Number of protein chains: 2
Amino acid sequence: MAEKPKLLSTVLGSEQVPPHLARGVIEERLRSAILDGRLPPGTAVRQQELATLFGVSRMPVREALRQLEAQSLLQVVMHKGAVVAPLIGEDAVDTYALRVLLETEALRQSIPLLDADDIALARAYIRQLESETRHAEIGRLNRLFHMALYSKAQNQKLLRMIEIELNEEERFLRFHLSSMGLGKLTQDDHIALVDAASDKLVDEAIELLEEHLNHAARTIRSYLDRQSGN
Amino acid sequence: MAEKPKLLSTVLGSEQVPPHLARGVIEERLRSAILDGRLPPGTAVRQQELATLFGVSRMPVREALRQLEAQSLLQVVMHKGAVVAPLIGEDAVDTYALRVLLETEALRQSIPLLDADDIALARAYIRQLESETRHAEIGRLNRLFHMALYSKAQNQKLLRMIEIELNEEERFLRFHLSSMGLGKLTQDDHIALVDAASDKLVDEAIELLEEHLNHAARTIRSYLDRQSGN
DNA sequence: AACATGAAAATTGGATCCAATAACCCTAGT
DNA sequence: ACTAGGGTTATTGGATCCAATTTTCATGTT
């Protein structure tokens with residue numbers, strides 16, 4: 001497959017930033033570029049390249065890379081460089097099992113407190129998903145839809161954890177949506193889910209969500225098996 | 001209250017480490033010192049102090065501090081320094097609610113797979129807890145006991161998450177055990193728990209664990225309320 | 001005596017320089 | 001022609017130096 005080695009300046013801006021803000025800015029730019037897929041897994045990130053791009057020394061770049069490594073978005077190897085971390089792989093099954101646990105609980109807490117605005121917002125995301133074809137946007141809308149349903153959960157720590165996992169999934173979908181059949185399929189699940197939430201049918205909604213996530217897990221699983229099998 | 005500003009060299013070793021290992025060593029030393037409480041929350045950590053202590057420049061120290069900040073063990077403020085992060089506080093309720101969710105699931109997965117050795121190990125920890133008076137050791141044994149019961153859970157990601165939370169609790173107990181009555185209390189819970197696990201009574205064990213954690217949450221909660229109230 | 005103002009010291013962050021190491025290429029030998 | 005070896009180059013990590021900012025302390029004024 002022909003991987004075109006696109007320049008970093010095309011995927012990140014190239015504005016000159018004041019030095020004392022450099023670390024934060026660079027970190028944020030890189031993070032979002034990695035999360036939304038503009039920097040695919042495996043991409044090598046050079047310190048000097050980023051430094052000249054933002055018009056600073058390598059120092060703030062180093063720090064930013066270390067921060068991202070700590071969040072396991074990058075893997076830094078001595079004298080070799082930083083590469084964008086691989087996507088969900090071996091632990092896909094664990095990840096989705098965990099998500100079922102976390103997200104059903106969030107749903108349980110949230111549904112009774114959801115108001116008409118929340119439901120309307122969720123339905124709006126579904127509507128946008130209907131006509132959306134860009135993968136990055138589909139991933140984003142999917143995340144926003146789910147978070148809209150969980151948004152009223154009381155446990156903030158739980159919500160933060162869920163958001164991390166949804167970001168992971170978004171990143172994964174960004175790359176593999178096309179190659180794995182999935183597409184319209186989930187829309188029915190989404191509609192049923194928001195309907196149940198709207199009617200405050202907690203148990204039914206939980207059951208739907210569980211089914212929805214297990215289905216996704218199975219799809220990804222068989223997709224990954226098929227890939228490594230070939 | 002009289003806080004004696006003990007020297008860093010007393011809580012960390014003072015061996016000279018080869019420069020190319022400095023970052024990792026320093027990070028590890030600091031992490032364990034923070035986790036097991038030798039560095040109490042609020043302690044200010046100076047870059048130069050660590051640097052001279054280990055006989056290296058400030059560079060590897062900086063990086064180590066950043067790593068620890070990313071794990072939220074430190075809070076670094078511009079031109080002011082790094083202070084050891086505060087313990088469980090506002091989010092204690094969220095934390096324990098989350099732990100109930102995570103740990104009951106781990107227990108559900110683990111119990112059917114526990115063998116005689118696992119049970120024996122758990123009982124050994126209980127026995128050591130009987131005669132132990134040092135808080136740090138009590139916290140450690142408590143963590144090891146719980147992990148022993150969860151150890152056979154299939155979901156590795158779940159286990160990693162639980163271990164993080166248990167480390168947090170260990171750190172908290174290290175400081176507040178004495179001032180909050182708690183002590184022998186949990187031993188009965190522990191014994192009942194391991195008995196249920198030994199008899200493969202999953203639902204009963206889960207119920208016991210839930211009660212155990214909720215009790216701990218209530219204790220900590222009232223302790224914190226009492227503290228801030230005064 | 002108390003407070004405000006200012007200067008000095010302490011401390012962190014960035015820039016530049018040097019060392020160590022790994023990747024790469026080119027050449028020579030089979 | 002292909003492989004092995006060595007040397008050059010690229011790249012990261014640490015050390016040192018400088019800039020920016022905050023804190024602290026002292027001094028003067030009210």
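This is a predicted model, so every value here is computed, not measured. What's counted below: heavy atoms across the whole structure, side chains too, no hydrogens, waters or symmetry copies. Each chain gets a letter, A, B and so on, in the order the sequences are listed, and its residues count up from 1.
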May I ask you to say whether A/R99 pairs ionically with A/E165, meaning some side-chain N is under 4.0 Å from a carboxylate O?
-> no

With no hydrogens and no angle check, do the side chains of B/Q67 and B/R31 hold a donor and an acceptor under 3.5 Å apart?
-> no

Is it true that A/H212 and A/H146 have ring centroids separated by less than 6.0 Å?
-> yes

On DNA chain C, more 5' by nearest nucleotide between A/P19 and A/M78 is A/P19

For every nucleotide of nucleotides 6-11 of chain D, 5' to 3': is a protein heavy atom under 4.0 Å from its base (B), only from its sugar-phosphate (S), or from neither (-)?
-> -----S

State plainly whether the residues A/E132 and A/R134 are in salt-bridge range, i.e. N to O under 4.0 Å.
-> yes

Flag the pair A/R108 and A/E105 as a salt bridge only when some basic side-chain nitrogen lies within less than 4.0 angstrom of an acidic carboxylate oxygen.
-> yes

What is the distance from NE2 of A/H20 to C1' of D/dT22, rounded to the nearest Å?
-> 15 Å

Sequence neighbours excluded, which residues qualify as side-chain hydrogen bond (donor to acceptor under 3.5 Å, both in side chains) partners of B/E137?
-> B/R140

List for me each residue that meets ring pair (Phe, Tyr, Trp, His ring centres under 6.0 Å) alongside B/F145, sequence neighbours excluded, and say none if there are none.
-> B/H190

Does any residue of residues 57-69 of chain B have a heavy atom under 4.0 Å from DNA chain C, and if so, which ones, in number order?
-> B/R58, B/R62, B/R66

Where along residues 24-32 of chain A does a heavy atom come under 4.0 Å from DNA chain D, residue by residue in number order?
-> none

Quick one: are B/T95 and B/E168 in side-chain contact, heavy atoms under 4.5 Å?
-> no

Salt bridge A/E69-A/R66, side-chain N to carboxylate O under 4.0 Å = yes

How far does the helix from C/dA1-D/dT30 to C/dT30-D/dA1 bend, going by the axes of its first and last five pairs, to the nearest 10°?
-> 10°

CD-OG distance between A/E103 and A/S110, expressed to the nearest 0.5 angstrom = 12.0 Å

Any B/L98 side-chain heavy atom under 4.5 Å of A/M161 side chain = yes

Just checking, is any N or O donor in the side chain of A/Y150 or A/Q109 under 3.5 Å from an acceptor N or O on the other one?
-> no

Heavy atoms of other groups near A/R218 CZ, more than 12 under 6.0 Å = yes

Can you check the A/L21 CG to D/dT21 P distance for me, whole Å?
-> 11 Å

To the nearest Å, give me how far apart CZ (A/R23) and C1' (C/dA15) are.
-> 16 Å

